[in-house]
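Reviewing the structure listed below.
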Amino acid sequence: MTTEIYLLAAGVLLLISLIVSRLGGRLGIPGLLLFLGVGMLAGSDGLGIQFSDYRLAQALGTVALCFILFQGGLTTHWGETRPVIRRGLSLATLGVLITAGVMATFAHFALNLPWLVAWLLGAVVSSTDASAVFSVLKERALGLKGDIGPLLEFESGGNDPMAVFLTVGLLELIANPGMGVLEIVPLFVKQMVIGGVLGVVLGRAALLMLNRLQLQFEGLYSVLTLALALTIFSVTAVVGGSGFLAIFIAGIILGNADFLHKRSLLSFHDGLAWLMQVAMFLTLGLLVNPRELLPTAGLALACALVLVFVARPVSVFISLAASRMPVRHKTMVAWVGLRGAVPIVLATFPLLAGVPQAQVLFNVVFFIVLTSVLLQGTTLTLAADLLDLRTARTVPAAPSMTYTPTGHSKNALVEVEVRPGSPADGQRIVDLHLPPEALVVLIHRAGEYLIPRGATRLMAGDSVQVLAQADELREVQRWLGHGG
């Protein structure tokens with residue numbers, strides 16, 4: 001098969017996926033499920049595309065998850081997330097462990113799997129999926145009362161490192177029968193500590209580079225962020241840390257700071273994350289032959305129901321036992337436990353490691369993901385209505401204007417949000433004593449655009465577009481965007 005045929009197949013599959021996702025949106029079917037379906041229909045049991053390269057699928061899934069988590073961090077608002085950090089960490093660690101334990105117990109007694117293999121199945125399906133949670137909430141335009149939304153998004157971005165560690169650690173125990181369980185604990189501490197520290201350090205270094213490195217063309221900044229994301233992930237992984245944790249933290253740091261071309265870069269990474277999701281689910285769909293799923297369908301369905309109705313609720317209520325969240329809120333958190341591509345990618349690890357019954361595990365995991373997305377993904381709005389937790393989701397306004405410098409001008413147009421407690425909050429523009437060459441061009445407030453004047457008083461939450469040179473912009477960002 002020539003390169004052109006491969007490209008044609010990729011292009012056609014992407015087009016079909018986007019078209020059916022549009023139709024699925026009208027029917028209330030999550031796009032991720034349709035992407036998987038398109039891949040399965042195009043596979044060996046459908047149109048006949050032969051794809052069984054689990055190593056390539058694993059590599060693609062790792063890269064895709066890297067950019068999905070980075071984008072998730074970029075869109076995480078620290079002000080909303082900070083109050084839920086403790087609960088989110090509990091769900092991302094203790095919750096994952098409890099989920100894996102409940103599933104392992106069921107798999108051992110109901111499926112007669114050896115304990116380590118049963119724990120491996122539990123570990124693979126133990127984390128909620130960032131791409132599934134982010135995309136389904138966006139598709140449904142579903143806003144949730146209280147701090148449920150920030151908690152779910154932080155959990156889904158933060159629990160992947162725990163699931164990856166459990167999976168890799170259990171594979172080590174299976175490969176080395178004489179190894180004790182406690183011997184992998186230092187490995188966990190090492191990965192989390194290094195991942196967290198490097199996420200903060202490299203995230204701040206990336207922010208500094210974005211604001212100080214003067215590139216000739218705006219398009220090169222997209223390339224720069226790609227390079228920074230890959231570097232942060234890979235450097236952390238090479239030195240023994242959790243690259244997924246590091247890239248998520250780095251994304252949060254960048255997303256909550258001001259840097260040049262921020263709006264266009266956020267738009268670029270949003271599109272890239274969607275591309276990664278579509279490509280990942282298509283590839284994973286191609287891996288599966290529907291005929292191989294049928295023999296394990298009954299057992300897989302039982303595992304899926306236990307995960308949705310037992311393991312997830314038990315893990316949520318135990319992890320949040322010390323929290324004062326209302327029971328209705330905890331119930332909603334338990335229901336939004338979507339599984340997605342991450343469990344399927346993790347299920348390729350046992351296959352590549354040659355674990356006995358690995359193919360059965362892969363088929364069971366795939367069936368669990370299908371059930372989770374179909375059952376939970378299609379009923380999120382209904383669940384929110386029944387629990388009286390639904391509210392309008394705030395959709396950021398589209399950019400009002402763009403600015404492309406010409407000639408040798410060093411001016412740039414950036415949008416800065418006035419933060420609560422910053423020197424600009426409640427002050428008139430004339431009283432801020434901004435650099436004389438900095439021009440406040442436009443103010444976006446509560447859905448309306450205001451033409452600024454010297455007497456215009458800025459308010460927390462305003463999005464202010466400022467035109468100035470780089471050095472002056474940093475001074476403006478300090479006054480408008482940071483607390484005093």
Q. Hey, do the aromatic rings of F259 and Y221 have their centres closer than 6.0 Å?
A.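 No, too far apart.
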Which heavy atom of [X] sits nearest to which heavy atom of [Y], and what is that distance?
X: V164; Y: F244; value: CG2-CE1, 3.9 Å
X: V373; Y: R339; value: CG2-O, 3.2 Å
X: T128; Y: D160; value: O-OD1, 3.5 Å

Q: Go through the structure and list residues passing side chain to side chain contact (heavy atoms under 4.5 Å, CB included) with A118, not counting sequence neighbours.
A: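 Checked A118 against side chain to side chain contact (heavy atoms under 4.5 Å, CB included); matches are A104, A107, H108, L113.
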Q. Parallel, tilted or perpendicular: which fits the ring planes of F248 and F154, with parallel below 30° and perpendicular above 60°?
A.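 F248 vs F154 ring planes: tilted.
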Q) What is the ring orientation for F165 with F188, classed by angle as parallel under 30°, tilted 30 to 60°, or perpendicular over 60°? A)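 It falls in the tilted class, 30° to 60°.
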Straight-line distance of [X] [atom1] to [Y] [atom2], nearest 0.5 Å:
X: C66; Y: L226; atom1: SG; atom2: CG; value: 9.5 Å
X: L224; Y: L265; atom1: CG; atom2: CG; value: 8.5 Å
X: T225; Y: F268; atom1: OG1; atom2: CZ; value: 5.5 Å

Please output the side-chain donor-acceptor pairs of residues 299-306 that fall under 3.5 Å, not counting sequence neighbours, one pair per line with the distance.
none

Q.
Whether the side chain of S319 engages the backbone of V316 through a donor-acceptor N/O pair (distance < 3.5 Å, no angle test) should be reported.
A.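 The answer is no, because no donor-acceptor pair under 3.5 Å joins these two groups.
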Q | Flag, side chain of Q376 to backbone of W335, donor-acceptor distance under 3.5 Å | A |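 Present.
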